[in-house]
Amino acid sequence: MSNELQSAFKEITDIRALPSDIVLEALQSALVSAYRKDTGASAAQAIEAEIDPDTGRAKVFVEKEVVDDVMTDATEVTLERARFYNPEAQVHDVVMVQVEHTTKSFGRIAAQTAKQVILQKIREAERNSLYDEFINREGDLITGTVQSTNARKVTLSLGRAEADLPRQHQIPGERYRTHEKIRVFVVEVAKSNRGPQILVSRAHRSMLRRLLEYEVPEIYNGQVEIKNIAREAGHRSKVAVAALQDGIDPVGACVGMRGIRIQNIVKELHNEKIDVIEWNNDSVAFISKALSPARVTGVYLDDDPIDGKTAVVLVPDDQLSLAIGREGQNARLAAKLTGWRIDIKSVTETVQGALENLEIPPLDSLVELHADLIAESLRIIEKKRLELAVMPEEYKSLARLADIVEHLLQEQRDEAHQIYLQQRELAREALAPQLFELPLDVLAVSQEALDILEPFENIGEVMLICGVDEALIGRRFVDLEGEPMVELRTALDIINAADLDQLLAEAFSIEEDEEDEAAADEAVEAQAEAATAGEPAAEAPSEEGADASQPEVMLDAFGQPVVEDQTQDEVAASGDAETVVVEAPAPLEAPVTEADRQREAQPEEVGFAEDEGEAEFERDRQKGKQQRRTDRQRRRQLVLDEESGEVIAKRRRKGRRGSWDEETWEDYDY
């Protein structure tokens, strides 16, 4: 390679940190573009360029047709010259021929084109190189330098790339100074036209996992396993660990001698408190440890098939506030760590409630079996009411009665659950299997009711719950206006009266139509963008699957559909289905998350909210699901024709340009 080219080649590879083959490929692409620009070659003509890495000499090969008489030198070549490059060439064959065209003869425009192509290829290769470098570090810790800060995010310099630290991923109360080096967790690396977009976090719970792996050799070597992490960044975290080898104390390994290991992590996380808890397969023991530093008197599990897993936890009176924590933080983290909804009660509260309901089963059995203990508890409660001193032995008596009461209530719940499961199994056998495949949005109920019924996933589950215990759904509808249960029963009766096989086929056909309409919309948008940019637009896919009875949509000079006025008389005379008035859906309320329900049910304002970043992602996902469900609900509706007594499914089709024809409905009789 010549000295000038070799020095320039080496400079590019060193500065841009790119492999030599990528730079060489960029130079070859630049030569091809420059040749096309200089000679005006067609884009259909194949052109290749080669650069000798030793001498730096460039060769350009052009696709030409073998002819007897050369009329156009740019696209034709004689048989004699063609056989110099391909000995088996024949007339009318196409061969690659080297052109006598050196780079020195390129004009100014061709040279400028080559320069632009080289810069473009190098920038693209540099972006791909950066992306490949950081995509491998996704889910790992990285050190960055604070470059700039504003109210929304902090920009970090990672050397050749930049990373964004959004506000929701920052530790509350932490301040970042320019040129300060901080450790962050790489959440996501995405490609973009301006290089890799790197999202980092200091509030992510996986950052605590990575810090523990770096600080604790036993975790890194696989001797200790991190089972789960519950974290509220900047305040408190709980980590459940388990030993995978005998003779290893998992908690001691994480804490370290005199707490040196855990203290390093605490300093890194802005003095965030970290509780390390030993994992236990026994849910009762694990929940008791998860509520540390509070002492727990008893844990009583309630695995409800409807409301999920709930743990009733009894604590001494002086441990109640400690178990709940500031603003419910300790109980909330324990619930995240264990996966159980936790209901914390004091011993005195439980005993008082039991003494007030001794005539109600199953507590009525206590009067005969534990009369002395009840009398003792009444005396102690009276002493507490008079604010007299209560001895520790007396507190133990209260705790013993509270334990007996909770065990009785737990047995009652277990029996009720078994009866419910048996009833559910019998009710399921009476329902058709097709009902469990029908989506909820074929129900002719309000959008608010559909949002509440969403956890049941299909119509079969709704019918199953209504058959076993209709009050469960009634309690969910208590905040809705009107008579939602009557509306739901009517909608379910319509489903029962319909042909389920045909209804199921119709539901699937609507889903397929929605996919076709979405593809058509994308094609129309691509056409519009191409027309705006002055480029030839690709033809939109034909709508052969559309209903042939629909009139052809005529477009005006501006590409908009021509809508002809049609009176009501004309509509009635056309023989279409009766006009169905679809009211505009009410504004969607924010979905009630599990965290909100737990916070309302938890005494002392104890809630179980998710991490802010994860909750925001879940809200966005729920909004997308609600919007898709609303669109499907607008497109179809099941109604009962009073004249014929048959169920009619009415559906609207979407126009080519995203507009709805309010008067055009399709009828399907079942």
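- Pro166 and Val200 get closest at one heavy-atom pair: CD-O, 3.7 Å.
- One finds the CD atom of Gln147 at 4.5 Å from the CD atom of Glu162 (value rounded to the nearest 0.5 Å).
- Of the possible donor and acceptor atoms, one in the side chain of Asn221 sits under 3.5 Å from a partner among the backbone N and O of Pro217.
- Between the side chain of Glu218 and the main chain of Cys254, no donor-acceptor pair closer than 3.5 Å is present.
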Side chain to side chain contact (heavy atoms under 4.5 Å, CB included) for Ile265 and Ile274? Distances and angles first, verdict last.
CA-CA 9 Å; Ile265 301 177; Ile274 301 175; 3.6 Å; yes
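- Within the 3.5 Å criterion, the main-chain N or O of Ala82 finds no donor-acceptor partner in the side chain of Asn86.
- For the pair Ser192 (side chain) and Gly195 (backbone), a donor-acceptor distance under 3.5 Å is present.
- Atom CG of residue Asp164 and atom CD1 of residue Ile198 lie 9.0 Å apart, to the nearest 0.5 angstrom.
- The NE2 atom of His235 sits 9.5 Å away from the NE2 atom of His270 when rounded to the nearest 0.5 Å.
- No salt bridge links Arg127 with Glu124; every basic N to acidic carboxylate O contact stays at or beyond 4.0 Å.
- Between the CG atom in Asp132 and the CG atom in Leu130 there is a gap of 9.0 Å [rounded to 0.5 Å].
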Quick one: do Leu212 and Tyr214 satisfy side chain to side chain contact (heavy atoms under 4.5 Å, CB included)? Show the steps, please.
CA-CA 5 Å; Leu212 284 168; Tyr214 289 155; over 6 Å; no
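- Inter-residue side-chain proximity for Val186 and Leu199 is flagged as unmet; no heavy-atom pair is nearer than 4.5 Å.
- Atom CD1 of Ile229 sits about 12.0 Å away from atom CE of Met207, to the nearest 0.5 Å.
- In the model, Gln447 has a side-chain atom that pairs as donor or acceptor with a side-chain atom of Asp451 under 3.5 Å.
- With a 4.5 Å cut-off on side-chain heavy atoms, Val239 and Arg209 do not count as touching.
- Here the closest heavy-atom approach between residue Tyr85 and residue Met96 is recorded as CB-O, 3.8 Å.
- The two residues Pro172 and Ala233 come nearest to each other via the heavy atoms CD-O, 3.3 Å.
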Please evaluate residues Thr143 and Lys181 with respect to the criterion side chain to side chain donor-acceptor pair (under 3.5 Å), reporting the C-alpha separation (whole Å), side-chain torsions for both, the decisive distance (0.1 Å), and the verdict.
CA-CA 7 Å; Thr143 302; Lys181 292 186 177 295; over 6 Å; no
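- Between the side chain of Asn150 and the backbone N or O of Arg152, at least one donor-acceptor pair lies under 3.5 Å.
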Please test Arg175 against Glu180 for salt bridge (charged side-chain N to carboxylate O under 4.0 Å, His left out), starting from the C-alpha separation and ending with a verdict.
CA-CA 10 Å; Arg175 297 292 179 264; Glu180 177 187 7; over 6 Å; no
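- Contact of the Glu215 side chain with the Ile262 side chain is not registered, since no non-hydrogen atoms from C-beta on lie closer than 4.5 Å.
- With a 4.5 Å cut-off on side-chain heavy atoms, Leu244 and Val224 do not count as touching.
- For the residue pair Glu174 and Tyr176, a side-chain donor N or O sits within less than 3.5 Å of a side-chain acceptor on the partner.
- Side-chain contact between Lys153 and His169 is absent, with no heavy atoms from C-beta onward closer than 4.5 Å.
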Before giving the answer on side chain to side chain contact (heavy atoms under 4.5 Å, CB included), spell out for Gln170 and Val154 the whole-Å C-alpha distance, their side-chain angles and the decisive distance to 0.1 Å.
CA-CA 9 Å; Gln170 300 174 13; Val154 175; 3.4 Å; yes
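- In plain terms, the two heavy atoms of Ala242 and Trp279 that are nearest each other are CB-CB, 3.8 Å.
- Taking a cutoff of 4.0 Å between a charged side-chain nitrogen and a carboxylate oxygen, Glu268 and Arg202 qualify as a salt bridge.
- Looking at Asn228, its side chain does come within 3.5 Å of a backbone N or O of Leu337 through a donor-acceptor pair.
- We find that Glu232 and Arg205 are not joined by a salt bridge, their nearest charged nitrogen and carboxylate oxygen being 4.0 Å or further apart.
- Under the 4.0 Å criterion applied to side-chain N and carboxylate O atoms, Arg83 and Glu88 are not assigned as salt-bridge partners.
- Put simply, the side chain of Leu269 reaches to within 4.5 Å of the side chain of Leu208, judged on heavy atoms.
- Side-chain contact between Val94 and Lys64: absent, with no pair of heavy atoms (C-beta onward) separated by less than 4.5 Å.
- Between the Arg261 side chain and the Ala253 main chain, a donor and an acceptor come within less than 3.5 Å of each other.
- Using a 4.5 Å heavy-atom threshold, the side chains of Arg81 and Val97 count as touching.
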Residue pair Arg177, Thr149: steps toward the side chain to side chain contact (heavy atoms under 4.5 Å, CB included) verdict
CA-CA 8 Å; Arg177 298 184 296 273; Thr149 60; over 6 Å; no
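- Closest heavy-atom contact between Val95 and Val66: CG2-CG2, 4.0 Å.
- Across every non-hydrogen atom of Leu450 and Leu440, the tightest pair is CD2-O, 3.3 Å.
- A donor-acceptor pair under 3.5 Å is formed between the side chain of Glu138 and the backbone N or O of Val189.
- Side-chain atoms of Glu63 do not come within 3.5 Å of backbone N or O of Gln45 as any donor-acceptor pair.
- Note that CG of Asn458 is 9.0 Å distant from CD of Glu437, once rounded to the nearest 0.5 Å.
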